[in-house]
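Report on the structure given below.
In each ligand, atom 1 is the first atom listed, and ligand 1 is the first ligand listed.
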Amino acid sequence: MAEIPILFERKEECCGCTACYAICSKGAISMREDKEGFEYPVIDKEKCVSCYSCLHVCPFKS
Ligand code: SF4
Ligand code: SF4
């Protein structure tokens, strides 16, 4: 079975640009605010089809 991508391990690896959220055609990514008010993407495992578009678009990974 294909793996659900890991968008970031640490918050330093995500600037909250929402590119992954915007690219996901399955609507599997939502942006959630942490307690400091910064938004980070969260993947819904039920909706994700492991296409990895979100990883390709992420400025921290390309
Ligand atoms: S791998 Fe594809 S379906 Fe899954 S969250 Fe990323 S863009 Fe969406
Ligand atoms: S594309 Fe990368 S940097 Fe931008 S919100 Fe998604 S995980 Fe964070």
Side-chain angles (χ1 to χ4, degrees):
M1 206 180 108
E3 305 249 335
I4 304 293
I6 295 167
L7 287 168
F8 58 95
E9 305 266 9
R10 296 173 296 118
K11 286 182 175 175
E12 290 81 358
E13 297 167 358
C14 173
C15 65
C17 72
T18 73
C20 54
Y21 165 79
I23 201 83
C24 180
S25 61
K26 299 295 169 187
I29 300 179
S30 50
M31 299 300 293
R32 294 222 192 115
E33 225 175 80
D34 70 3
K35 56 183 187 301
E36 275 118 35
F38 294 104
E39 292 195 325
Y40 291 95
V42 179
I43 296 177
D44 181 340
K45 294 180 178 65
E46 304 298 316
K47 292 183 184 168
C48 178
V49 294
S50 301
C51 68
Y52 304 122
S53 297
C54 51
L55 292 182
H56 292 306
V57 80
C58 179
F60 282 74
K61 288 158 200 73
S62 52

How far is [atom] from the closest protein heavy atom, and which atom is that?
atom                    : result
atom 4 (Fe) of ligand 2 : Cys17 SG, 2.3 Å
atom 8 (Fe) of ligand 1 : Cys24 SG, 2.3 Å
atom 1 (S) of ligand 1  : Tyr52 N, 3.1 Å
atom 3 (S) of ligand 2  : Cys15 N, 3.5 Å
atom 6 (Fe) of ligand 1 : Cys54 SG, 2.3 Å

If we ignore hydrogens and angles and just use 3.5 Å, is the side chain of Lys26 paired with the main-chain N or O of Ser50 as donor and acceptor?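 Pair absent, no side-chain N/O of Lys26 close to backbone of Ser50.
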Following the transitive rule for hydrophobic clusters with a side-chain heavy-atom cut-off under 4.5 Å over Ile, Leu, Val, Met, Phe, Trp and Tyr, establish whether [X] and [Y] coincide in one cluster.
X     : Y     : result
Leu55 : Val42 : no
Tyr52 : Leu7  : yes
Met31 : Ile4  : yes

Thr18 heavy atom under 4.0 Å from ligand 2: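 The answer is yes: ligand 2 sits under 4.0 Å from a heavy atom of Thr18.
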Centroid-centroid distance, Tyr40 to Phe8, less than 6.0 Å: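 Judged by ring-centre distance (under 6.0 Å), Tyr40 and Phe8 do meet the cut-off.
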Report the part of Ser50 (side chain from C-beta onward, or backbone N, CA, C, O) that has a heavy atom under 4.0 Å from ligand 1; answer both or neither where that applies.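 Only the backbone of Ser50 comes within reach of ligand 1.
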Is there side-chain contact between Lys11 and Asp34, with heavy atoms separated by less than 4.5 Å?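 Yes - at least one pair of side-chain heavy atoms lies under 4.5 Å apart.
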So Cys17 and Pro59, do their side chains get closer than 4.5 Å, heavy atoms only?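 Yes. Closest side-chain heavy atoms under 4.5 Å.
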For residues Tyr21 and Ser30, report the shortest heavy-atom separation together with the two atoms involved.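 Where Tyr21 meets Ser30 most closely, the heavy atoms are CD1-CA, 4.1 Å.
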How close do Cys20 and Ile29 get, counting heavy atoms only, and between which atoms?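 Smallest interatomic distance, heavy atoms only, reads O-CD1, 3.4 Å.
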Heavy-atom count around Glu46 CD within 6.0 Å, excluding the residue itself: above 12?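 Count not over threshold, so no.
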Suppose I only count heavy atoms of [X] and a 4.0 Å limit; which atoms of ligand 1 are within that range?
X     : result
Cys48 : 1 (S), 3 (S), 4 (Fe), 5 (S)
Ile29 : 5 (S)
Val49 : 3 (S), 4 (Fe)
Pro5  : 1 (S)

N, O or S atom of Cys51 closer to atom 2 (Fe) of ligand 1 than 2.8 Å: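 It does; at least one qualifying atom falls short of 2.8 Å.
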Which bit of Tyr21 is near ligand 2, meaning a heavy atom under 4.0 Å away: side chain, backbone, both or neither?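 Neither; nothing of Tyr21 gets under 4.0 Å from ligand 2.
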Assess Cys58: does it contribute an N, O or S atom lying under 2.8 Å from atom 4 (Fe) of ligand 2?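 Short answer: no, not a single N, O or S atom is under the cut-off.
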Is there a heavy atom in Ile23 that sits closer than 4.0 Å to ligand 1?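 Heavy atoms of Ile23 never come under 4.0 Å of ligand 1.
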